[in-house]
Amino acid sequence: MELSKNFEPQAIENKWYQHWLDKKYFNSTPDERPAFTVVIPPPNVTGVLHMGHTLNETVQDILVRKARMSGFNTCWVPGSDHASIATEAKVVQMLKEKGIDKKSLSRQEFLRYAFEWKEKYGGIIYNQIARLGCSVDWNRTTFTMDDHYYQAVLKVFVDLFDKGLIYRGARMINWDVAAKTALSDEEVEYKDLEGKLYYVKYFLCDENGAASTKFISIATQRPETIMGDTAICVNPNDERYAKLKNGFALVPLVNRKIPIIFDEYVDPAFGTGALKVTPAHDINDYNLGLKHALEVIDTLNEDGTLSEAAQIYVGEDRFAARKKVIAALEEKNQLLKVDTYQTRLGYSQRTGVVVEPRISTQWFVKMKDLAQPALDAVVGGDITIHPGDKFLATYKYWLENVKDWCISRQLWWGQQIPAWYDADGRMVVAITELEAKEKFNKQFAIENAQLRQDEDVLDTWFSSWLWPSEVFNGISEPGNAEVKYYYPGSVLVTGQDIIFFWVARMIMAGMEFEKQIPFKDVYFTGMVRDKQGRKMSKQLGNSPDLLQLIDQYGADAVRFGIMISSPAGNDLLFDEGSLEQGRNFNNKMWNALKLLKLWASREPQVAGGAEPTTQTPLATSFATDWFQNRLSEARSEVDSLMQQFRLSEALKTIYSLIWDDFCSWYLEWIKPGFEQPIDSGVYKKTIEFFTELMQLLHPYMPFVTEEIYHRLEERTDDLCVKQFEKVITADAHTLHTGVLLKEVITGIRDVRNKQQIKPKETIFLHIQTENKVIYESVMSILAKQVNAASVSFTREPVAGTITVVIGKDKFYIETEKPLNTGQQKDDLVKELHHLQGFLVSVEKKLGNEKFVQNAKPEVLALEQKKKADAEMKIRIIEESLAGL
RNA sequence: GGGCUGUUAGCUCAGUUGGUUUAGAGCAUCACGUCGACAACGUGAGGGUCGCUGGUUCGAACCCGGCACAGCCCACCA
């Protein structure tokens with residue numbers, strides 16, 4: 001079959017992916033092999049894969065494929081998350097574009113639209129995962145709103161409620177005014193910015209509310225909330241305000257009388273030392289209000305507009321109202337001054353609006369008891385975090401200081417909270433209405449109660465925390481055969497940004513419901529940024545389209561590019577240049593394949609046949625010997641690196657093994673002469689090496705390796721499931737000879753370059769060495785690689801030549817044209833200076849009595865060897881210089 | 001405000017318990033090259049007083065203190 005000039009990924013990717021699917025290589029059922037389980041961090045169902053996912057999925061696929069080829073029964077579960085807020089916002093937007101207002105729909109109608117939307121767009125991410133080559137078990141695709149999953153979430157809710165770990169109550173929570181729902185603390189992102197501090201005049205008054213001309217000045221960031229003020233607070237030790245004891249003041253604009261209270265919470269040094277207390281709209285004020293039994297006046301509606309309670313500017317948005325309040329205060333001469341001020345505001349992670357602290361009745365999970373086992377699992381070492389040093393402290397701190405988790409959301413897209421109320425506000429928690437009625441009967445002796453289910457749904461993370469277990473129906477059918485076999489998972493690969501949202505909570509859920517850790521290792525990938533280090537974002541337009549990249553470079557090149565520049569745990573600066581490098585790597589291997597095919601077409605001789613072989617058997621046998629050992633050496637390096645999750649370094653090792661050792665050295669060493677056939681034994685060995693290389697690389701670049709695997713030889717099996725052989729320990733002596741040979745070749749080529757000897761011009765090489773045996777074994781390789789017409793040994797320096805010194809050996813290069821000894825002399829002098837400097841430092845060390853006394857014997861011996869080597873090299877160079 | 005991490009070649013990073021020939025790789029750069037796999041290539045080269053500063057040590061990129069800069073996480077001061 002004719003091979004194309006370059007590797008063409010488009011032509012083979014779909015073919016092989018389909019083939020792997022047809023062969024069911026990715027499908028797993030429990031058997032006698034050990035399981036290697038990975039659950040995908042489920043992306044948002046209506047999302048598209050961004051570069052962060054790409055990195056994540058690639059890392060998982062590498063680990064899974066490697067395990068699959070190493071005797072494990074691998075099971076990688078794909079799926080997606082219903083992402084309640086994000087998806088609901090998209091559906092609401094879609095409806096709006098169609099001219100439909102969410103409010104005009106019933107819950108059922110809305111959910112029908114939402115499921116339609118999910119069916120339409122949910123497939124996009126799965127297609128992208130497949131295009132990337134991910135070896136997921138598609139039969140196990142799970143969605144967090146699948147029936148069994150939905151039931152599992154409800155079951156867990158009821159269970160935790162019965163255990164007293166879920167409660168309902170009015171608390172101050174974070175409110176998203178755009179989505180009109182409560183948020184958890186984790187869903188709020190804080191940003192530092194420059195705000196303004198307004199100093200407002202509050203007139204004092206008597207207990208009847210009669211205004212005085214005296215006033216107290218108060219600093220606030222949020223003048224639009226003053227209508228909700230229910231006190232002014234000062235520090236009891238602040239002498240300036242001591243005379244205000246039992247006093248009152250009037251809220252500006254609305255002239256409501258409020259008490260002046262005293263609490264040490266107030267910092268006299270900040271602002272004016274007096275604080276307006278607005279319990280409905282600030283967490284600190286709320287706590288202060290509780291302590292002093294203050295009235296709560298909520299002046300905001302759920303959408304962030306001012307409520308009736310505000311009395312003025314009712315219905316205006318909070319920020320518009322702020323401007324109006326400021327203007328009104330100014331007009332009444334009650335605005336004293338405005339300062340700029342560094343502050344921090346909380347924004348909703350999903351909708352981006354400024355979050356409003358709001359008192360509201362919500363459902364909460366008590367976290368303290370759940371946190372302890374999750375903490376122990378990681379601190380005790382049952383779960384290992386990679387890179388550990390970086391995240392262990394963060395994880396610990398969060399769990400040790402964890403607060404209760406607000407899990408109710410005022411949305412429709414999600415699992416509806418299984419709490420049931422009757423008209424009198426009595427409540428039970430039960431999965432079905434029928435069960436709820438039974439409970440009502442039991443608890444309240446009410447038969448056939450008229451019940452209404454809680455309108456709210458649960459936080460998305462309240463379903464995703466069950467993921468490692470419920471993808472195997474571990475919650476809905478506890479102890480089933482699959483969950484027993486696959487749980488706990490092997491490794492969880494995810495972004496460090498969801499360590500609290502998801503990782504910590506999965507560990508809690510695992511410990512609570514399975515009584516076992518959910519996975520043994522956690523591997524945190526860094527964040528993908530652009531090459532200038534900026535976050536990827538739609539606004540900057542620096543977030544590439546994955547499918548377009550795959551079309552352009554091929555999936556293997558994308559995987560290569562993202563992995564080669566992805567040091568463990570660090571952020572990754574994404575640069576298309578690295579994809580190019582991946583594409584070039586594909587071509588390099590493709591061309592090596594073409595070379596082998598070229599040799600094959602020249603009818604390889606039968607080894608030991610009648611015809612004389614054209615190669616020096618000794619030389620080719622060294623080449624194959626050497627590469628065999630080099631391969632073993634690299635394989636154990638790769639294994640060790642991968643075990644430490646140093647995937648980028650492992651890839652670099654393989655890359656260099658293939659490009660440098662195999663293509664640049666080995667193939668050149670065994671390359672037959674012009675129009676000569678290759679020795680069949682060497683050819684066979686080479687096919688084996690190439691095969692092993694493809695196997696080693698396959699987890700990283702599955703498509704090109706599978707293709708080459710099948711083109712190297714007719715096969716009935718597939719690389720995808722080819723099991724790794726045991727690594728044989730490499731022979732150090734052979735490896736060392738290889739290193740020496742490369743060094744000699746490079747040294748001589750360097751001289752050729754500097755002397756401007758054309759590649760076609762031959763040289764005569766004379767070797768002066770005490771170790772002839774080594775060079776005899778590689779003589780023909782050496783001759784070919786430096787284009788020497790002859791290689792001979794000598795006991796004496798050869799006049800009229802250029803000398804190259806490698807180790808203890810000298811190489812005299814003789815040519816027919818005159819040589820530039822000036823250049824040679826400069827180089828030798830430079831080298832001499834370097835060695836002399838080095839010698840001085842070694843001698844200094846050895847001359848130091850304390851060193852000789854304290855250093856370990858092997859260190860001392862090494863230093864002495866260094867000294868001897870340096871002295872010898874200096875002597876050799878001096879001799880060479882004398883001969884010039 | 002508290003905590004964590006980092007600072008090594010133009011860029012991105014290695015450098016494993018302090019000693020392994022006075023610091024390594026990839027990319028980028030430069031020179032030469034179209035030779036029968038490969039110019040998306042080959043051969044070779046140049047490039048770093050390891051952020052600064054004290055200290056420990058016979059010996060420090062590595063250990064300790066201080067400083068500077070960068071990044072991240074956490075925190076209710078109006």
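Just so we're on the same page: letters track the sequence lines, and every chain starts at 1. Just so it is clear, the values below take in all heavy atoms, side chains as well, and ignore hydrogens, waters and symmetry mates.
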Counting the atoms with a prime plus P, OP1 and OP2 as sugar-phosphate, which does [X] contact under 4.0 Å by heavy atoms, base, sugar-phosphate, or nothing?
X        : value
A/Gly577 : nothing
A/Glu649 : sugar-phosphate
A/Asn848 : sugar-phosphate
A/Asn570 : sugar-phosphate
A/Arg646 : sugar-phosphate
A/Phe585 : nothing
A/Val266 : base
A/Ser578 : nothing
A/Ser565 : nothing
A/Tyr397 : sugar-phosphate
A/Glu189 : nothing
A/Glu858 : nothing
A/Lys865 : base
A/Asp750 : sugar-phosphate

RNA chain B: 5'-proximal contact among A/Arg583 and A/Ile564 (nearest heavy atom) =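 Result: A/Ile564.
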
message = Please compare A/Trp665 and A/Lys866 by the position of their nearest nucleotide in RNA chain B and report the one closer to 5'.
response = A/Lys866

Nearest-neighbour nucleotide for the [X] side chain, [options] considered:
X        : options             : answer
A/Phe851 : B/C58, B/C77, B/U43 : B/C58
A/Lys588 : B/A37, B/C72, B/G19 : B/A37
A/Pro759 : B/A37, B/U20, B/C35 : B/C35
A/Thr394 : B/A40, B/C73, B/A75 : B/C73
A/Lys850 : B/C58, B/A37, B/G33 : B/C58
A/Leu573 : B/A40, B/U12, B/A78 : B/U12
A/Leu667 : B/A78, B/A37, B/C74 : B/A37
A/Lys830 : B/U12, B/U21, B/G46 : B/G46
A/Thr746 : B/A45, B/C58, B/C76 : B/A45
A/Leu598 : B/A40, B/A37, B/U22 : B/A37

Can you find a heavy atom in the side chain of [X] that is under 4.5 Å from one in the side chain of [Y]?
X        : Y        : value
A/Leu741 : A/Ile781 : yes
A/Gln10  : A/Asp551 : no
A/Lys856 : A/Val859 : yes
A/Ile658 : A/Met694 : yes

request  = May I have the step-by-step check of side chain to side chain contact (heavy atoms under 4.5 Å, CB included) for A/Val528 and A/Met536, ending in yes or no?
outcome  = CA-CA 7 Å; A/Val528 181; A/Met536 298 255 173; 3.9 Å; yes

Within this structure, what is the [atom1]-to-[atom2] distance between [X] and [N], rounded to whole angstrom?
X        : N     : atom1 : atom2 : result
A/Asp497 : B/C73 : CG    : P     : 9 Å
A/Lys856 : B/G19 : NZ    : P     : 8 Å
A/Gln644 : B/G15 : CD    : C1'   : 13 Å
A/Glu8   : B/A40 : CD    : C1'   : 13 Å
A/Lys845 : B/U22 : NZ    : C1'   : 9 Å
A/Trp659 : B/A37 : CH2   : P     : 16 Å
A/Lys535 : B/G71 : NZ    : P     : 12 Å
A/Asp575 : B/A28 : CG    : P     : 10 Å

Think [X] has a side-chain N or O under 4.0 angstrom from the OP1 or OP2 of [N]?
X        : N     : result
A/Lys671 : B/A37 : yes
A/Asn854 : B/U57 : no
A/Arg749 : B/G44 : yes
A/Lys5   : B/A39 : yes
A/Tyr202 : B/A78 : no

ask   = Is the number of heavy atoms from other residues, nucleotides or ligands within 6.0 Å of CD (A/Glu849) greater than 12?
value = no

message = With a 6.0 Å cut-off (strictly less than), is the heavy-atom count around CD of A/Glu189, excluding the residue itself, greater than 12?
response =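 Yes, CD of A/Glu189 has more than 12 neighbouring heavy atoms, counting only those of other groups under 6.0 Å.
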
query = What class does the angle between the rings of A/Phe838 and A/His834 fall in, given that below 30° is parallel, 30 to 60° is tilted and above 60° is perpendicular?
reply =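 Parallel, since the angle between the ring planes stays under 30°.
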
query = Which dot-bracket string fits RNA chain B when only Watson-Crick or G-U wobble pairs with both atom distances under 3.5 Å count, crossing pairs get [ ], and | stands for a partner on a different strand?
reply = (((((((..((((.....[....)))).(((((.......))))).....(((((..]....))))))))))))....

request  = Keeping the roles fixed (side chain from A/Thr278, backbone from A/Ala280), state whether a donor-acceptor pair exists under 3.5 Å.
outcome  = no

Pairwise [atom1] distance for [N] and [M], with rounding to whole Å:
N     : M     : atom1 : value
B/G10 : B/G54 : P     : 24 Å
B/C73 : B/G51 : P     : 25 Å
B/G26 : B/G15 : C1'   : 15 Å
B/U17 : B/A78 : P     : 45 Å

message = List the residues meeting side chain to side chain donor-acceptor pair (under 3.5 Å) with A/Lys865, not counting sequence neighbours, and say none if there are none.
response = A/Asp869

task = Just do the salt bridge (Lys or Arg N to Asp or Glu O under 4.0 Å) check on A/Glu707 and A/Arg711 with the steps written out, would you?
result = CA-CA 6 Å; A/Glu707 176 72 14; A/Arg711 286 191 183 261; 2.6 Å; yes

[X] (side chain) and [N] (base): donor-acceptor pair under 3.5 Å:
X        : N     : value
A/Asn591 : B/A37 : no
A/Glu668 : B/A37 : yes
A/Lys760 : B/C35 : no

ask   = Looking at A/Phe690 versus A/Phe662, is the centre-to-centre ring distance below 6.0 Å?
value =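 Judged by ring-centre distance (under 6.0 Å), A/Phe690 and A/Phe662 do meet the cut-off.
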
